[in-house]
Protein chains: 2
Amino acid sequence: MKDGPHIAAIAALIGDPARANILSALMDGRALTISELARSANVGLPTASTHISKLEAAGLLLSIKQGRHRYVRLSGEDVVHTLETLMLLAARTGHRRVRTGPRDPALREARVCYDHLAGARGVQMFESMVQSRLLECGGGHVRLTSAGRRFAQRFGIDLGEHQTKDSVTCVSCLDWSERRDHLAGRLGCACLSRIFALKWARRDKDSRAVLFSANGLREFNRLFPI
Amino acid sequence: MKDGPHIAAIAALIGDPARANILSALMDGRALTISELARSANVGLPTASTHISKLEAAGLLLSIKQGRHRYVRLSGEDVVHTLETLMLLAARTGHRRVRTGPRDPALREARVCYDHLAGARGVQMFESMVQSRLLECGGGHVRLTSAGRRFAQRFGIDLGEHQTKDSVTCVSCLDWSERRDHLAGRLGCACLSRIFALKWARRDKDSRAVLFSANGLREFNRLFPI
DNA sequence: ACGATGCTTCGCTATCGGTCAAACCATGAA
DNA sequence: TTCATGGTTTGACCGATAGCGAAGCATCGT
């Protein structure tokens, strides 16, 4: 009753096509410049500038100036989560695009979600780790077991001092393709970094897709079976 | 990049204060009439009517006509989930109201979320059931164990033929008060109904709060310890 | 049959906000 | 210094839409 205006303020910001495009373009966690975002949203540079100012003032974006560029990124995972939730709702109510683009299957297979792995491979990784008792999942929280800690070390991830509770939280990033959770948080971020470092996969240049190599997929499947 | 407009269409709908108020008022799962919603949103009756038509056309609401009334309700739990996610984001970015209303603590304690229990008591119930191995939680899914099935029967819940997988899904309804999951789905709905039937608690008249009686809370705590 | 109630539709106004051109500022390069 | 590039600001335009009064239906009660 009273909280209508609060969510309306945020939703109205996301509710503009240009701004929604800007936010979508940032969903892979990268920091982009104003002009890149303007092009991505199909608006002029001044328009994008004002939009981004508003989004930053509202706390959805962060930006840093470097030289004459201004790099903009999302302010947190909760923004990604909100956007994915909206996508899910849009899909259910028939607002999604009917024609699934050519790179759509690749996105369903594996994609970047802010800074971690999502899509079929992301779910596989998470469920495999739960199955193998590397992760303990209960009551909305995820804890790394001692076996999981050893596994991480063997995998080449240095959790270091970031072993706090929330650093390995499983943010239930329920996405539109798989209706399942996948691993987010620092551990999810580190896993994806490692996958890239091992050259098991690389990022598609202009989408959120993660493209596995044949060999990389084999290794991935061996490490995270079924 | 291409999915900007899709989420923008939905977000724009939620982005209007009057519509956001209407949606918020419906978050307790009840079906309300147009005039009730108009009053709740502080707009005239014609205005509310058009808003509701738009929301229904977009698939966010469902309505049935009964006599000269038209009863409106949310079209599904995903709408609730989206709204709660937006509230969460609004709270984090400082858009929440500073003055926490008088009935705010009660909402944090226990409240209705669409058709199931949320808030501290909702989380307690869920975590207790996981702890006691009544529920098995892994990989974003929740399954009722055989012990859980016996428990449900003893508790007076007839799951009947609704023993399909998704009927007991744990929709990760991460809410603004507790940042944890709680039980949704048919099982969550049935539990809350049972709690009301046993007179352990009753609903506040004009909010989403669930008010436990002293005795009801004792029984609840015994059944769902820690 | 009559009026009352709940809701919808129409028509209108006022307002808000997205958009861009042009001017302006700041930084980096030659 | 001078030019070029990236970004911001200003101002004006314009389309979209929220809002409501009034009229129009439909349904219920009497």
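So that the names make sense, note that chain A is the first sequence line, chain B the second, and so on, each numbered from 1.
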Close approaches to DNA chain D from residues 28-36 of chain B, in residue order (heavy atom, under 4.0 Å)
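Correct list: empty, so none.
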Each nucleotide N or O in nucleotides 27-30 of chain D that has a protein N or O under 3.5 Å away: list the pair and distance.
from, atom 1, to, atom 2, distance (Å)
dT27(D), O2, Arg68(B), NH1, 3.4

Without decimals, in angstroms, what is the distance between [X] [atom1] and [N] [atom2]?
X	N	atom1	atom2	result
Ile22(B)	dC7(C)	CD1	C1'	14 Å
Ile52(A)	dT9(D)	CD1	P	12 Å
Arg39(B)	dT5(C)	CZ	P	14 Å
Glu56(B)	dC7(C)	CD	P	13 Å
Leu55(A)	dG7(D)	CG	P	16 Å
Leu37(A)	dT19(C)	CG	C1'	17 Å
His69(B)	dA4(C)	NE2	C1'	12 Å
Leu45(B)	dT9(C)	CG	P	13 Å

For [X], what residues pass the side-chain contact (heavy atoms from CB on, under 4.5 Å) criterion, not counting sequence neighbours?
X	value
Ala9(B)	His95(A)
Leu192(B)	Val112(B), Leu117(B), Phe196(B)
Ala12(A)	none
Ser75(B)	Arg92(A), Leu62(B), Val79(B)

Under 4.0 Å between a side-chain nitrogen and a carboxylate oxygen: does that hold for Glu36(A) and Arg73(A)?
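Salt bridge flag = no for Arg73(A) with Glu36(A).
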Set of residues satisfying side chain to side chain donor-acceptor pair (under 3.5 Å) with respect to Arg203(A), sequence neighbours excluded
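Applying side chain to side chain donor-acceptor pair (under 3.5 Å) to Arg203(A) gives Asp28(A).
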Please list, chain by chain and in numerical order, all residues satisfying side chain to side chain donor-acceptor pair (under 3.5 Å) with Gln124(A), sequence neighbours excluded.
Arg121(A), Asn221(A)
Any pair counted as salt bridge (charged side-chain N to carboxylate O under 4.0 Å, His left out), so long as it reaches residues 39-68 of chain A, sequence neighbours left out:
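Passing the test, one end in residues 39-68 of chain A: Glu56(A)-Arg70(A).
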Salt bridge (charged side-chain N to carboxylate O under 4.0 Å, His left out) contacts in which one or both residues fall within residues 9-22 of chain A, not counting sequence neighbours
none
What's touching nucleotides 10-17 of chain C from the protein side, N or O pairs under 3.5 Å?
none

Base, sugar-phosphate or nothing for Ala18(A)? Non-hydrogen atoms, less than 4.0 Å.
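If one applies the 4.0 Å heavy-atom cut-off, Ala18(A) turns out to touch the sugar-phosphate alone, with no base involved.
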Which residues pass the ring pair (Phe, Tyr, Trp, His ring centres under 6.0 Å) test with Phe220(B), sequence neighbours left out?
Phe212(B), Phe224(B)
Is a side-chain N or O of Thr50(A) found less than 3.5 angstrom from the main chain of Thr47(A), in a donor-acceptor match?
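Answer holds: yes.
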